[in-house]
Amino acid sequence: MKHLLSTYDLGRADAVRILDVAEEMATVGTREIKKLPALRGRTVATLFFEDSTRTRISFEAAAKRLSADVINFAAKGSSVSKGESLKDTAQTLEAIGAEAVVIRHGASGAAARLASTDWISSAVINAGDGTHEHPTQALLDAFTLRQHWAKVQGVDPLGTGLDGMSVVIVGDVLHSRVARSNLWLLKTLGADVTFVAPPTLLPIGADAWPCTINYDLDDALAAGPDAVMMLRVQAERMNAAYFPSTAEYSRRWGFDDARLAALDARGLENTIILHPGPMNRGLEISSGAADSSRAVVLQQVSNGVAVRMAVLYLLLSGDH
Ligand code: CP
């Protein structure tokens, strides 16, 4: 594996290996000195053409914990405004010493383009490309799910997948690279996936995907899933009215306090709630649900550092 561009083409053995290495990396975060010398003298560039809080900071923290040097590039305030191309920007970063380029771009396929041309020889990691994929988000979600699933089953997570786990993914699937990357990875790891969304927020062709489609959130929750992943309503990608009103969306597809109480009433004590962030509190998730003991949103963020350490280590050390 030279690049990490998608989960669609990530095999089970490679995925489990990344999650297992991430388990080791997670222990570094619990030490007094949270550093390993593994990538000392290596340089990682983060190349962000779209806004980010979690992913960019998480990659930077991951690289620094491995003792790598980090170059941060944000398109805002850069020479992109003067017309500089992706090729010239990437080549500039490589000329400064980058050996791995972590790229987020609004265009689906931008990371693959960078990896498939001879513009640069660096490892390319997709940190989110348009509505296509966000593989490290799916890996950190799988890591979080695996820790929970192993605990429920009373087993060691190392070497395991998500066989038999049921995961419901809810919301704006149409615009979500997180939903796509999660679907491919969760299926590879053996989970059962259900998408719940308004018909207008499901892409054409989703009925051929390896998942169940349900338009009714209460019906999907009544089946007693092991995990519920709420997706952000991506208003910035919407150029039309996909639902009548935010109140209607929240009532039918939001994880609100009533749905939280319904999980308790059904005795579903092991059902956890995930959200990739950033959250629209009061729209796709209520504050009561986001701050509840079922929510693992901040665990997802912490686990993201360990997972990204594993990815950087495996790509840059050649140990795979
Ligand atoms: N989950 C996620 O990608 O968050 P950011 O946009 O803040 O990086």
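Start at 1 and go down the list; that is how both ligands and their atoms are numbered.
Residue-ligand proximity, Thr55 to ligand 1, at heavy-atom distances under 4.0 Å covers atoms 2 (C), 3 (O), 4 (O), 5 (P), 8 (O). Of all the atoms in ligand 1, the ones that sit under 4.0 Å from a non-hydrogen atom of Thr53 are 5 (P), 7 (O), 8 (O). Heavy-atom contacts of Gln137 reach the following atoms of ligand 1: 1 (N), 2 (C) (cutoff under 4.0 Å).
Backbone and side-chain nitrogen or oxygen atoms of Gly277 are examined, and one is located within less than 3.5 angstrom of a nitrogen or oxygen of ligand 1. Polar contact with ligand 1: absent for Arg56 (N/O pair, distance under 3.5 Å).
At a 4.0 Å heavy-atom cut-off, ligand 1 touches Arg104 through the side chain alone.
Checking side-chain atoms of Ser181 against main-chain N and O of Thr7 turns up no donor-acceptor pair under 3.5 Å.
Inspection of the Gln299 and His148 side chains reveals no N or O donor paired with an N or O acceptor under 3.5 Å.
Nearest protein heavy-atom neighbour of atom 1 (N) of ligand 1: Pro276 O, 2.9 Å. Shortest contact from atom 4 (O) of ligand 1 to any protein heavy atom: Arg54 NE, 3.1 Å.
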>> Could you go through Ser286 and Asp257, starting from their C-alpha distance and side-chain angles, then the distance that decides it, and tell me whether this counts as side-chain hydrogen bond (donor to acceptor under 3.5 Å, both in side chains)?
In response: CA-CA 6 Å; Ser286 67; Asp257 293 353; 2.7 Å; yes
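Cation-pi geometry between Arg308 and Phe59 is met: the NZ or CZ atom falls under 6.0 Å from the ring centre, inside 45° of the normal.
Note on Trp119 and Val80: same hydrophobic cluster, where clusters join Ile, Leu, Val, Met, Phe, Trp and Tyr whose side-chain heavy atoms are under 4.5 Å apart, directly or indirectly.
Arg259 and Asp218 are joined by a salt bridge, as a carboxylate oxygen and a charged side-chain nitrogen come within less than 4.0 angstrom of each other.
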